[in-house]
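Since the structure comes first, as structure tokens, the remarks are kept for the end.
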Amino acid sequence: MLGFLVRRVAVLIPTFIGVSLVAFIFIRLLPGDPIYVMSGERTLPPERYQELIHQYGFDQPIWKQYVVYVEQLAHGDLGTSINTKRPVLSEFMALFPATVELSLAAMLIAIVLGIPAGVIAAVKRGSILDHGLMSTALVGYSMPIFWWALLLIIVFAGWLGIAPVSGRIGLTYFFKPVTGFMLIDSLISGQKGAFQSAVSHLILPSIVLGTIPLAIIARQTRSAMLEVLNEDYVRTARAKGLPPSRVIGIHALRNALIPVVTTIGLQTGYLLTGAILTETIFSWPGIGKWMIDSISRRDYPAVQGGLVLIALVVMAVNLAVDLVYGLVNPRIRHVG
Amino acid sequence: MAEIPLRDPAGTEVHARPGRLADFWSHYAENRGAVIGLAVFVLLVFLAVFADFVAPYAPDAQFRDAFLQPPSWAEGGSARFLLGTDAVGRDMLSRLIHGARYSLSIGVVVVALGLLLGVVLGLVAGYFRGWIDTVIMRVMDIILAFPSLLLALVMVAILGPGLENAVIALALTLQPHFVRLVRGSVLAERGKEYVVSARVAGAGPIRLMFRTILPNCMAPLIVQATLSFSNAILDAAALGFLGMGAQPPRPEWGTMLAESREFVLRAWWVVTFPGLAILVTVLAINLIGDGLRDALDPKLRRS
């Protein structure tokens, strides 16, 4: 297992170097003069311009700039955001919990609804219920989620007026973030109604973000279950006279879940993509919205640092999925 | 059913073996959803091609007497504008029909570019192995480490917002999937006897890669291309929605949605129909993809 881990991490190192290089090059390709954006001034006297060029190291050869950048990366220094004048890393860390909270809520909805839906569809294979569930799943899978979000806003905020549509908590509540997770922080704060407010703000965005994973998990669970239900050990369990709930719940589902767990892990990349759209629509202050804002504000260091950090998150989660999969399925370990 | 004549004991040789196409169709048609998807898709292609003749008005024609008019069946609507008008008095239906052109052609071009790049790189990586394989696959790993939409967004920011640049960016983020797929198939095929015998017969690498090996990797590739087609349409619409894809006043569905956002609570039809158009298109293509997978690839077949 250790050898497996080492091999997997070793593969990631060149990828990460590549990622940092891509982010570095991208930022230098962005149109517009970074000096003007960074100084925040429309016109600069030539001497001042030269001074800033020197200060930011733009007068160095490009490879030297990259070396300096990598050195700073190695020290955890991702530069300073032009917009907030704060270090990009701490900016990212402050917003990251909001995205994690949203993603976890979305994933929770997807798993809690998706796995039972898939199991039911598989057990009742060919029935109207199966067709209904799988058709719904296919619609969910094909959903343009930014439109789905607008529809939910029309219905739940417009017509019914029961759900808030922006931010993480009502404006009347104010407390210092402790964990960065609004659900926990609002509980700790002890303010009356704060937790309810946080939950109601979380519901619509997490439904939107969870829709596609939900559809994928339901489809995957169904096909994994169908495969397992034909296995000999399931037939044996049935023949032994075990109640169907036990056969399906213990013998079949446990084994069917192995590929489903992988699917769940691999949705992380999607969740970050989906978060860009969901957070933008619901003004959710997470890293998705932050990236969009940074791109449109031409906040070069923020975009560069954000790209590197997001890629790092995706790589870390994929690694974790690999490891979990290696743990549950020993055959994988030796192929490497 | 095309197979029935086969079982005829008389066995007239004439149509005893259904052609490959007929065989494929008999498998494909087993999936009712796939047939419906195909029918909807054909209709959409028809609308896109003949948009100028089908649409009641030009997509950018403004009617100053009808701003935000509701659809014909709703209160305040009229038969003049079946699906109502938008905030500057343009006919929704006409814009949607013309929008089909954008979405479908974006999908086609993105997939074609992605396929071209992906197939060549995948064949080269899988056929030659060694350092060139390592380099290609590491580059693909790097691309896949970024969420696709984010990568496309940054690329569009570099190239400048617009339809053409969105297409390039989406094709680049899409092709690693083709590369991986083709490479995997090539690795599985290259040691097989038919490849070895073709090589012994003197076939060069280009011929071996494209004429001998590639046709045998087609089934999963076609399925992946179909699913990528619907993804490309979704992502292009998302870019349009974020203001980085097609630019107004082009009637691209995602861009139309972006323009409609401020009317979310006032005029539901401006929001509902463009999204519905995206959903129906993507759904039709995904249904086709499911059907193709069932028909083409027994290994991937859903039980």
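Letters A, B, ... are given to chains in the order of the sequence lines, protein chains preceding strands, and every chain is numbered from 1. This one's a predicted model, so the numbers in the text were calculated from it and none came from an experiment.
Two residues are said to be in side-chain contact when any heavy atoms from C-beta on lie closer than 4.5 Å; A:Pro144 and B:Val282 fail this criterion. Between B:Ile278 and A:Trp147 there is no side-chain heavy-atom pair separated by less than 4.5 Å.
Across A:Phe146 and B:Leu234, no two heavy atoms sit closer than the pair CE2-O, 4.2 Å. A pairwise comparison of heavy atoms in A:Arg298 and B:Ala157 identifies NH2-O, 4.0 Å as the closest pair. For the residue pair B:Phe241 and A:Leu277, the shortest heavy atom distance occurs at CD2-CD2, 4.4 Å.
To the nearest 0.5 Å, the span separating CD1 on B:Ile285 from OG on A:Ser142 amounts to 9.0 Å. Expressed to the nearest 0.5 Å, how far CD1 of A:Ile281 lies from CG of B:Leu242 amounts to 8.0 Å. Note that CD1 of B:Ile142 and CE of A:Met315 are 9.0 Å apart. Values are rounded to the nearest 0.5 Å. Interatomic distance, OG1 of A:Thr15 versus CE of B:Met140, reported as 12.0 Å (0.5 Å rounding). Between the CG atom of B:Leu153 and the CD1 atom of A:Ile295 there is a distance of 5.0 Å, given to the nearest 0.5 Å. In this structure, CD1 in A:Ile292 is found 6.5 Å from CE in B:Met244, a value given to the nearest 0.5 Å.
For B:Trp131, the CH2 atom is loosely surrounded, since the number of other residues' heavy atoms within 6.0 Å does not exceed 12. Counting non-hydrogen atoms of neighbouring residues, nucleotides and ligands closer than 6.0 angstrom, the CZ atom of B:Arg32 reaches no more than 12 such neighbours. By the 6.0 Å contact criterion, CD1 on A:Ile162 is enclosed, its count of non-hydrogen atoms from other residues, nucleotides or ligands being greater than 12. For A:Phe156, the CZ atom sits in a loose shell: 12 or fewer heavy atoms of surrounding residues, nucleotides or ligands are nearer than 6.0 Å. Annotation: B:Arg266, atom CZ; neighbour count of heavy atoms from other residues, nucleotides and ligands within 6.0 Å does not exceed 12. More than 12 non-hydrogen atoms from other residues, nucleotides or ligands lie less than 6.0 angstrom from CH2 of B:Trp268.
In terms of non-hydrogen atom pairs under 4.5 Å with chain B, the most contact-rich of A:Thr273, A:Ile27, A:Val314 is A:Thr273. Contact tally against chain B (heavy-atom pairs below 4.5 Å) for A:Leu312, A:Val139, A:Leu307: the top residue is A:Leu307. Considering only heavy-atom pairs separated by less than 4.5 Å from chain A, the leading option among B:Leu265, B:Leu149, B:Leu279 is B:Leu279. Put simply, of B:Leu287, B:Asp141, B:Leu257, B:Thr272, the one with the most heavy-atom pairs under 4.5 Å next to chain A is B:Thr272. Note: A:Leu29 leads A:Leu29, A:Val313, A:Leu12, A:Ile153 in heavy-atom pairs under 4.5 Å with chain B. Between chain B and the residues A:Ser296, A:Ala311, A:Ala23, A:Gly306, the most heavy-atom pairs under 4.5 angstrom are made by A:Ala311. No other option in A:Leu150, A:Leu272, A:Leu271 has as many heavy-atom pairs under 4.5 Å with chain B as A:Leu150. Heavy-atom pairs under 4.5 Å with chain A peak, among B:Leu151, B:Leu276, B:Asn231, B:Leu144, at B:Leu276. The greatest number of non-hydrogen atom pairs below 4.5 Å with chain B, out of A:Val11, A:Val19, A:Val303, is found for A:Val19.
When heavy atoms are compared at a cutoff of 4.5 Å, A:Met143 approaches chain B by way of both its backbone and its side chain. For a residue to count as touching a neighbouring chain, one of its non-hydrogen atoms must lie under 4.5 Å from one of that chain's; by this rule B:Arg261 touches chain A with the side chain only. Using a 4.5 Å cut-off between heavy atoms, B:Leu150 contacts chain A through both its backbone and its side chain. Heavy atoms closer than 4.5 Å to chain B are found in the side chain of A:Leu151, but not in its backbone.
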side-chain contact (heavy atoms from CB on, under 4.5 Å) between A:Leu138 and B:Asp290, intermediate numbers included: CA-CA 10 Å; A:Leu138 194 66; B:Asp290 275 4; 3.9 Å; yes
